[in-house]
Amino acid sequence: MRVTKGGPAHRAYSVVVFVILASLDNVAIGLVPPLYGSIGADLGVGEAHIALATTVMFLLSAVAAVGWAYAGDRTDRKPVLIAGTVIWVAGTAWSGMAGSYPSFLLSQVLAAVGLGGVASVSFAVVSDLISPRRRGLAMSFWGLSQGVGTLAGTLVGGLLGSDDWRRPFLVAAAAGVIATVAYLFTYDVPRGDSQPELSGVAYDERIHRDDLPKILARRTNVWLILQGLSAQVAFGSLVWLPVLFRARAEDQGYSTPTAIVVGSVFATLFQLGGALSILGGLAGDRLQRRTPRGRALVAAIGILAAVPFYVVLYFVPFRIDVPDGGSTGAVIRAVLTDVWTEPSVGLSLATAVFALALTSANSPNWFALIADVNPPEHRGTVYSLGNLVNGAGRAGGNALVGVAFRALSGAFPPPLNYAVGLAAFQFFFIPTGIMYWLASRTVARDMADTHAALATYADHEAATRAPRP
């Protein structure tokens, strides 16, 4: 089915569906970490084996994204997105029905292949719906949907999976089916639809195999791609937050099922600062109007300023008071009450929200910068290359921090080994901040070159269609 109307209501509907799709694929990614212990026990393997499945998922989804994005930049993007969504839904449903570890690992591989297509291709489509002036703000909502999806995955995995780890996967797969049907009726966004230079022009450029040198010749692209390696090592370690808080609950004497719920709820609460990425997007838009370096500088400052707050977060002691063995709802209510009645819990939450608010300036400005310095037919591929490096960094962070926890456990008993390991990994944000500063030095030239090329294309099309005297 091909729907092309594109009126205001249709565009609004399309944006909502894209936001939901971006959220759901991250739900699928976030389901597993809170359930490492439960899945491993049921399938007869250790937590490290299940963590390996998550690492493989990060890597494969990032590798697959390059192929999906290239296909989307060369062809009709709608069928590509539908195919990717159907594949990850099938893999997620299979995960919920897996009866052995090899079956579970293969199901995660299948889901990862599909997930790679959703983010990279939908990014290119969304960038064509948004004018350059508001890219930071709009991209903050799109990026926020992914963060919300990861949080929802953590929460759904911990809550629905506390007594049956299979249930969250089947629920996520069912939601994916519904979203796929809704996507069939979205607007087919023309390439370059939001570019002022291309107003009234049918832009029909496609990426070609020899375009990679052109992409890398834009020096800003190099820094935007490479920054993810170190950033995602730090971000990748954060998938262990539920494990840290679960270990803290167990250290206070709570049973494992209750500790899993506690860990998932605290990890979700502590990541609410990501919602403030909207402020980072607004700040990037505002400073960008004053200087082409604006978005990159906002991202650099946010990333570097967050490091000390993260380090403090992992060592702030807190005591919780929840009903051990109580219902999921009762545990959640008790945790929320502790936020207001237990000063140490409130301080931890405030520190986490502030740290995450600072680092969340990274996401919308990264998205907007890719759209700013690249023509429409390159955006999906550049995003996927950045996502590939991001995936390598995130997988590395997820895997290496597990090794660090085990190495530290000899000197620091749980949960202190988790705190020390997570704190150490936050220093990987420092080279990320430096690379954003380097990007701020080249972005003006790369933006000017891209805008000039689009204007030249528009002038050529206008001259071609003009009636001859």
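S230 and T432 share a donor-acceptor pair across their side chains, judged by distance under 3.5 Å alone. Using modelled atom types, one finds no donor on one side chain facing an acceptor on the other under 3.5 Å when comparing S127 with Y383. Side chains of S107 and S95: a donor on one and an acceptor on the other come within 3.5 Å. Using modelled atom types and a 3.5 Å distance limit, the side chains of W223 and S440 yield no donor-acceptor pair.
Remark: L408 CG to L416 CG distance equals 8.5 Å, nearest 0.5 Å. If you take OG1 on T337 and CD on E342, they are separated by 12.0 Å, rounding to the nearest 0.5 Å. In this structure, CD1 in I301 is found 13.0 Å from OH in Y436, a value given to the nearest 0.5 Å. Interatomic distance, L369 CG to Q288 CD, rounded to the nearest 0.5 Å: 6.5 Å. For the atom pair M57 CE and L105 CG, the distance stands at 11.0 Å (nearest 0.5 Å). In this structure, the separation between OG on S103 and CD on Q108 is 10.5 Å, given to the nearest 0.5 Å.
A search for side-chain contact (heavy atoms from CB on, under 4.5 Å) contacts involving A404 returns F425, not counting sequence neighbours.
A donor-acceptor pair under 3.5 Å is absent between the side-chain atoms of S23 and the main chain of I20, judged by distance alone. In this structure, the side chain of D251 does not engage the main chain of P415 through any donor-acceptor pair within 3.5 Å. Listed for the W366 side chain is a donor-acceptor partner under 3.5 Å among the backbone atoms of L224. With hydrogens and angles ignored, the 3.5 Å screen pairs a side-chain donor or acceptor of T258 with a backbone N or O of G325.
Tested against L388 for a side-chain contact (heavy atoms from CB on, under 4.5 Å), the candidates V66, L229, I225 yield a single pass: V66.
The two atoms that bring Y254 and I320 nearest to each other are OH-O, 3.2 Å, heavy atoms only.
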Using the rule given for side-chain contact (heavy atoms from CB on, under 4.5 Å), can you reason through V265 versus V331, listing the C-alpha separation, both sets of side-chain angles and the distance that settles it, and then say yes or no? CA-CA 9 Å; V265 174; V331 174; 5.8 Å; no

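Ring geometry for F123 versus F367: interplanar angle of 30 to 60°, hence tilted.
The number of heavy atoms from other shown groups lying within 6.0 Å of CZ (F427) does not exceed 12.
Contacts classified as side chain to side chain donor-acceptor pair (under 3.5 Å) and involving residues 414-429 (residues at least two apart or in different chains) are given here: S237-Q426.
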